[in-house]
Amino acid sequence: PYTAALPDTDALRILAAKSLNRCGAEPPAEGDSGDLVCRTPVTGGTLFFLPCAGPDQIDSAVTTAHATFSTWRTTPAPQRGRLVKRLGELLVEHKGDLADLITLEAGKIRSEALGEVQEMIDICDFAVGLSRQLYGRTMPSERPGHRLTECWHPLGVVGVVSAFNFPVAVWAWNTAVALVCGDTVVWKPSERTPLTAVACDALLARAAADTGMPAGVHQLVLGDRATGERLVDDARVALVSATGSVRMGREVAPRVAARFGRCVLELGGNNGAVVAPSADLDLAVRGIVFSAAGTAGQRCTTLRRLIVHEDVADQLVDMIVHACHRLPVGDPFAAATLVGPLIDAQAYEAMTQALERARADGGKLLTGGEPRLRDEAPQARYVTPAVVRMPTQTEIVRAETFAPILYVLTYRTFEEAIVLHNDVPQGLSSSIFTRDQREAERFLAVDGSDCGIANVNIGTSGAEIGGAFGGEKATGGGRESGSDAWRAYMRRATNTVNYSAELPLAQGVAFL
Ligand code: NAD
């Protein structure tokens with residue numbers, strides 16, 4: 001099987017420093033010390049050490065963001081849009097640099113890394129348009145001579161906590177929208193992807209300087225879970241937008257609720273696709289393999305469960321196994337590679353253990369799960385995507401293992417497929433492959449998929465920014481990105497204006 005040779009860590013360190021420099025960020029020196037070990041999954045080698053933000057730095061970042069908010073909120077929204085417009089231009093200019101950093105730190109293949117930067121550019125465009133469309137409603141008042149309206153005001157400081165697998169797109173979803181909404185941002189990126197964060201922070205600072213906007217609208221705090229905890233506990237942070245595992249959300253949500261803060265939670269998924277007997281199988285295989293093996297199975301929307309009608313199961317599974325087996329695994333910088341590395345050894349351990357559990361539950365491994373490039377890079381973790389046929393939806397299938405494992409289940413009746421599909425704790429993304437309109441519509445209907453995203457004849461991953469993104473149940477219920485997700489970043493004020501000389505009370509109440 002294809003495996004591309006790997007670059008060495010020294011070459012990657014030089015590439016990281018050059019990319020950072022071009023983005024206007026000071027690269028860490030090789031001898032620098034710090035608690036944050038910056039590794040590349042491409043070789044598993046260490047690139048740099050960076051300092052974690054201590055309690056004082058976190059406090060000062062929130063203080064600056066909080067102070068800047070008082071002027072930022074009164075800057076007209078279309079003017080705030082100018083900052084985001086400039087950021088978008090700089091992202092276009094540095095698309096290649098940021099994509100290099102994403103590949104270096106998250107291990108994404110080139111085209112997906114470029115796609116992630118494109119997503120940032122797209123959300124900037126969206127947010128610039130939004131800066132003139134933060135609409136409120138006008139409602140008919142029940143009282144004569146009264147006007148009833150609502151308007152949306154900036155909320156405050158938004159704390160963004162992000163995951164390693166979309167190191168910068170998720171930040172852009174939050175930050176571009178939060179900034180036009182009049183909020184300021186403090187970002188705690190994943191401890192596994194600090195360099196992309198340093199580069200984005202520098203680009204945003206440049207955008208602020210170029211447009212004469214206050215630099216304090218954005219603050220970066222590097223660090224691990226402890227840094228995140230300190231940020232989310234700060235009562236001056238009005239909204240915590242946290243992306244990561246269900247475990248993280250379970251910890252963050254009650255802490256923020258205890259101080260009556262707001263949360264947007266974007267947590268784990270366990271995404272399923274139903275394949276009906278009428279499906280176009282060639283099209284389905286392409287959608288399924290991209291969703292299951294793309295980003296080496298490390299997307300929140302990765303397809304993890306395939307629910308196939310028993311009449312087409314054998315044929316479809318053969319096609320998928322054939323396609324997965326031939327996927328080029330290796331250096332994510334190489335043009336031909338489609339599957340890059342897992343983020344670290346822990347992810348590989350989790351995958352191996354899940355496959356063992358699945359086997360113990362009666363599952364049959366049809367392909368994949370083999371390590372690759374162990375001699376060339378003993379510290380990196382490359383693996384071939386696994387396909388496992390399961391007799392039933394056991395506990396391991398109901399859990400999200402953040403690695404490329406596709407479990408295959410079969411169904412007989414459509415009702416059975418829907419029950420199986422929804423019978424997991426998470427509710428992020430879902431899809432159905434069918435040419436039967438009744439099935440497609442039923443899947444999208446109230447008693448169909450219970451996920452925040454439900455697709456027909458495409459896979460579960462690769463959402464566009466125009467729609468609201470997020471999921472139900474243990475996925476946390478948050479929505480980000482397009483549609484009206486911006487409302488979570490603002491506070492609503494309902495206004496009643498009496499322009500008459502009378503004072504009628506609502507509901508016909510009589511008083512004075
Ligand atoms: P993770 O939960 O380990 O970490 C995510 C972020 O949360 C990191 O910045 C981390 O430092 C921080 N964090 C962890 N515990 C915290 C705590 N108690 N308080 C404050 N901050 C804390 O997740 P990961 O391994 O980086 O990312 C993979 C997970 O993220 C998967 O479960 C994936 O499905 C999920 N994810 C979800 C979405 C979505 O939009 N729903 C998008 C991307 C990733």
Side-chain angles (χ1 to χ4, degrees), residues 35-36 41 52-53 58 105-108 116 119 123 159-174 186-194 196-197 220-234 237 240-256 258 261 263-271 295-304 342-344 346-347 349-351 399-404 424-430 451-453 460-463 465 467-482 485:
D35 300 335
L36 205 56
C52 279
I58 301 165
E105 281 197 314
K108 286 195 186 186
E116 176 156 0
E119 197 168 336
I123 195 73
V160 176
V161 175
S162 55
F164 82 85
N165 66 321
F166 272 93
V168 285
V170 167
W171 166 75
W173 287 359
N174 281 283
V186 181
W187 181 20
K188 207 299 280 175
S190 166
E191 53 274 47
R192 289 180 280 190
T193 54
T196 46
L220 177 67
V221 289
L222 296 182
D224 55 15
R225 184 189 301 198
T227 313
E229 284 173 357
R230 205 164 179 103
L231 177 64
V232 304
D233 282 346
D234 194 312
V237 177
V240 172
S241 178
T243 300
S245 57
V246 172
R247 177 205 56 76
M248 178 273 285
R250 247 188 248 293
E251 288 165 16
V252 167
R255 297 175 86 118
V256 178
C263 263
V264 169
L265 294 175
E266 295 285 353
L267 311 176
N270 189 357
N271 316 295
T295 327
Q298 301 167 109
R299 284 193 188 213
C300 51
T301 50
T302 290
L303 177 61
R304 309 195 181 280
L342 295 180
I343 189 70
D344 56 20
Q346 224 182 322
E349 270 314 299
M351 177 167 178
E400 179 196 49
T401 302
F402 216 55
V424 292
Q426 313 81 353
L428 181 53
S429 186
S430 60
C451 291
I453 298 168
T460 53
S461 65
I465 59 100
F469 183 94
E472 303 301 334
K473 303 192 287 184
T475 303
R479 291 296 186 277
E480 285 175 353
S481 190

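By convention here, the first residue in the shown sequence is residue 1. Remember, it's 1-based here, ligands and their atoms both numbered in the order they're listed.
Although no hydrogens or angles enter the test, the distance criterion places a donor-acceptor pair under 3.5 Å between the side chain of Lys108 and the main chain of Asn165. Proximity of a side-chain donor or acceptor of Asn174 to a complementary backbone N or O of Val170 within less than 3.5 Å is detected.
When only interatomic distances are considered, the shortest N/O to N/O separation between Ser245 and ligand 1 falls below 3.5 Å. Checking only distances, Glu400 does come within under 3.5 Å of ligand 1, N or O to N or O. Ligand 1 has an N or O atom lying under 3.5 Å from an N or O atom of Phe164, backbone or side chain. Of the N or O atoms in Ser162, one or more lie within a sub-3.5 Å distance of an N or O in ligand 1.
Counting heavy atoms under 4.0 Å from ligand 1, residue Glu229 touches it through both backbone and side chain. At a heavy-atom cutoff of 4.0 Å, ligand 1 is contacted by the backbone of Asp224 but not by its side chain. At a 4.0 Å heavy-atom cut-off, ligand 1 does not touch Arg299 at all. The side chain of Phe469, and not its backbone, has at least one atom closer than 4.0 Å to an atom of ligand 1 (non-hydrogen atoms only; side chain from C-beta on). Counting heavy atoms under 4.0 Å from ligand 1, residue Leu267 touches it through the backbone alone. In Thr243, the parts holding a heavy atom less than 4.0 Å from any atom of ligand 1 are both the side chain and the backbone.
When hydrogens are left out, the protein atom nearest atom 7 (O) of ligand 1 is Val161 CG1, 3.4 Å; that is the closest non-hydrogen contact. For atom 21 (N) of ligand 1, the closest heavy atom belonging to the protein is Gly228 CA, 3.7 Å. Of all protein heavy atoms, the one lying nearest to atom 24 (P) of ligand 1 is Arg192 NH2, 3.5 Å. The protein atom (non-hydrogen) at minimum distance from atom 3 (O) of ligand 1 is Arg247 NH2, 3.9 Å. Scanning the protein heavy atoms around atom 16 (C) of ligand 1, the nearest turns out to be Arg225 CG, 3.3 Å.
Less than 4.0 angstrom separates some heavy atom of Glu251 from each of these atoms of ligand 1: 17 (C), 18 (N). Per-residue contacts place Asn165 under 4.0 angstrom from the following atoms of ligand 1 (heavy atoms of the residue considered): 43 (C), 44 (C). Within the listing of ligand 1, atoms 9 (O) sit less than 4.0 angstrom from a heavy atom of Pro189. The distance from ligand 1 to the heavy atoms of Glu191 drops below 4.0 Å at these ligand atoms: 8 (C), 9 (O), 10 (C), 11 (O). Heavy-atom contacts of Lys188 reach the following atoms of ligand 1: 8 (C), 9 (O), 10 (C), 11 (O) (cutoff under 4.0 Å).
Within the 4.5 Å cutoff, no side-chain heavy atoms of Lys473 are placed close to those of Pro425. Inter-residue side-chain proximity for Leu231 and Val237 is flagged as met; some heavy-atom pair is nearer than 4.5 Å.
The closest approach between a heavy atom of Arg255 and any atom of ligand 1 is not below 4.0 Å. Proximity of Ala242 to ligand 1 is not established, as no heavy-atom distance is less than 4.0 Å. Under the 4.0 angstrom criterion for non-hydrogen atoms, Val170 is not in contact with ligand 1. No heavy atom of Glu480 sits closer than 4.0 Å to any atom of ligand 1. Taking 4.0 Å as the cut-off, Phe402 counts as a neighbour of ligand 1 on heavy-atom distance.
Nearest heavy atom pair, residue Val221 against residue Pro189, reads O-CD, 3.4 Å. Here the shortest heavy-atom pairing between Glu480 and Ser241 reads OE2-OG, 2.9 Å.
The number of heavy atoms from other shown groups lying within 6.0 Å of CZ (Arg192) is above 12.
Remark: Arg247 does not engage Glu400 in a salt bridge, criterion side-chain N to carboxylate O under 4.0 Å.
Judged purely by distance below 3.5 Å, without hydrogens or angles, the side chains of Thr196 and Glu105 pair a donor atom with an acceptor atom.
Between Trp173 and Phe469, the ring planes lie tilted relative to each other; the angle falls in the 30° to 60° range.
The distance from atom CG of Leu267 to atom OG1 of Thr475, rounded to the nearest 0.5 Å, is 6.5 Å. Distance check, rounded to the nearest 0.5 Å: CD1 of Ile465 to OG of Ser481 gives 5.0 Å.
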Please step through salt bridge (Lys or Arg N to Asp or Glu O under 4.0 Å) for the pair Glu229 and Lys188, ending with a clear verdict.
CA-CA 10 Å; Glu229 284 173 357; Lys188 207 299 280 175; over 6 Å; no
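There is a protein heavy atom less than 4.0 angstrom from atom 18 (N) of ligand 1.
Of the candidates Pro167, Ser190, Gly244, Gly476, it is Gly244 that places a heavy atom closest to atom 29 (C) of ligand 1. Among Ala226, Gly159, Gly268, Cys300, the residue whose heavy atom lies closest to atom 37 (C) of ligand 1 is Cys300.
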